[in-house]
2 protein chains.
Amino acid sequence: MLDECKALSNGTRLRILDWLKDPAANFPCDDGAGPGVCAGLIQHKAGASASTVSAHLAILQRAGFLQATRRGQWVYYRRDEARIRAFTEALQRNL
Amino acid sequence: MLDECKALSNGTRLRILDWLKDPAANFPCDDGAGPGVCAGLIQHKAGASASTVSAHLAILQRAGFLQATRRGQWVYYRRDEARIRAFTEALQRNL
DNA sequence: TCGGTATTTCGCTGAATCCCGAAATTACCC
DNA sequence: GGGTAATTTCGGGATTCAGCGAAATACCGA
C-alpha cells in the first residue's frame, strides 16, 4: 500500500501511467499491438534524461503497475491492468 | 490526484487514517460520539512529537481526507468519508 | 489579567527523493 | 571480434520531506 502510493506520488510517473493507457494515441510510432511501448519513446515524451526515466519506470514496475518485456535491444513497458485494478479496489476497501 | 497520493505516501499518515476509522477502538478515551479525536490523543498514539504529528494532520487535511473542528483548546480530527470515497472512485476511473 | 494546557508555527538537521551525465551492460549487425 | 544503439547502473549535487525542540498562538478558568 505504502510503496504503491509512493510510486504514484510523482507527476512524471502518473503521466507515464496515463500515456500507457492508450499507446497508439500517445506514441504514434507504436501500433498498440506489440508488447508495449519501448523505453526510449517514453523517455523522449517525458522530456527527461534516459537515466531519470529509467528510474521512474523501475519504480512503477516494482510497485506492480508496469510489466517489462525485453525484446532484443529494446525493453517494452505496458500497464499491468490486473494489478492496477487490484490496487484501486484494495484502496477502496481499506482506505 | 498528485497531492492526495503524496499525502498517502507516508506510513504514519496511513496509520492515522486507519485509526480514525474506529475512534472508540483506537482511542479509549474517546466515545466515538464527539466531533472526532483530539490532536493530543493522535500525537500520543503515533509516538512522535506534537509538532511532527501536527504537520501530518495538516497534510491530511489539505489533501481533503480529514476535517478539523476546534472546540475550546482542543482541535478534533475526523475522516471526511465523502471525500475519501470520491478520491478512491476517481482513482478507479482515472488510474 | 495571569497561569496553565493544547496546538501550531518556526528554525534547524539528517534522510529521502529527483535529476543529470558518465560509465557499464546488453544485444544487434557487419 | 569491433562498432553501434538501447537501456540500466553509478556517483554527484539540488530539492523536498521528516523529525525535533523552542517559541508563538489560542483558549480556558481562577
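Labels below follow one simple rule: chain letters A, B, ... track the order of the sequence lines, proteins then strands, and each chain is numbered from 1.
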Check your understanding: Does A:Glu4 reach the main-chain N or O of A:Met1 with its side chain, forming a donor-acceptor pair under 3.5 Å?
Key -> yes
Review point. Just by distance, do the side chain of A:Arg62 and the backbone of A:Gly64 share a donor-acceptor pair under 3.5 Å?
Key: no
Revision key, fill the gap. From the candidates D:dC20, D:dT8, C:dT17, the one with an atom nearest any side-chain atom of B:Ser49 is D:dC20
Side chain to side chain donor-acceptor pair (under 3.5 Å) involving [X] - partner list, sequence neighbours excluded:
X: B:Lys21; result: B:Asp18
X: B:Glu81; result: B:Arg79
X: B:Asp3; result: none
X: A:Thr12; result: none

Between [X] and [Y], which heavy-atom pair has the shortest distance, and what is it?
X: B:Tyr76; Y: B:Cys38; answer: CD2-N, 3.6 Å
X: A:Ala46; Y: A:Trp19; answer: CA-CH2, 3.7 Å
X: A:Ala68; Y: A:Gln61; answer: CB-NE2, 3.6 Å
X: B:Gly11; Y: A:Leu2; answer: N-CD1, 3.8 Å

Exercise for review: Check the surroundings of atom CZ in A:Arg78: do more than 12 heavy atoms from other residues, nucleotides or ligands lie under 6.0 Å from it?
Suggested key: yes
Practice item. State which residues pass side-chain contact (heavy atoms from CB on, under 4.5 Å) with A:Ala90; sequence neighbours excluded, sorted by chain then number. Key: A:Arg93, A:Asn94
Practice item. With sequence neighbours left out, write down each residue that passes side-chain contact (heavy atoms from CB on, under 4.5 Å) with B:Ser51, or none if nothing qualifies. Key: B:Ser49
If I take atom [atom1] in residue [X] and atom [atom2] in nucleotide [N], what distance separates them, rounded to the nearest angstrom?
X: B:Ile42; N: C:dA6; atom1: CD1; atom2: P; result: 14 Å
X: A:Tyr76; N: C:dT26; atom1: OH; atom2: P; result: 19 Å
X: A:Leu66; N: D:dT8; atom1: CG; atom2: P; result: 11 Å
X: A:Leu8; N: C:dT17; atom1: CG; atom2: P; result: 14 Å
X: B:His44; N: C:dT5; atom1: NE2; atom2: P; result: 16 Å
X: A:Leu2; N: D:dC17; atom1: CG; atom2: P; result: 15 Å

Exercise for review: Pick out which of B:Val37, B:Asn26, B:Leu60 makes a side-chain contact (heavy atoms from CB on, under 4.5 Å) with B:Leu20.
Suggested key: B:Val37
Point to revise | With B:Phe65 via ring pair (Phe, Tyr, Trp, His ring centres under 6.0 Å) - residues at least two apart | key: B:Phe87
Check your understanding: Do any of residues 50-61 of chain A sit with a heavy atom less than 4.0 Å from DNA chain C, and if so which?
Key -> A:Ser51, A:Thr52, A:His56
Review point. Are A:Leu8 and B:Leu95 side-chain neighbours, meaning at least one heavy-atom pair lies under 4.5 Å?
Key: yes
Review point. So which of residues 10-17 of chain B are in contact with DNA chain D, with a heavy-atom cut-off of under 4.0 Å?
Key: B:Asn10, B:Arg13
Review point. D:dT8 phosphate, OP1 or OP2: any side-chain N/O from A:Tyr77 under 4.0 angstrom?
Key: yes
List every contact pair, protein side and nucleotides 11-13 of chain D side both N or O, where the distance is under 3.5 Å.
none

Anything under 3.5 Å between a protein N or O and an N or O of nucleotides 1-3 of chain D, put it in a table, one pair a line.
none

Which pairs, protein N/O on one side and nucleotides 27-30 of chain C N/O on the other, fall under 3.5 Å?
none

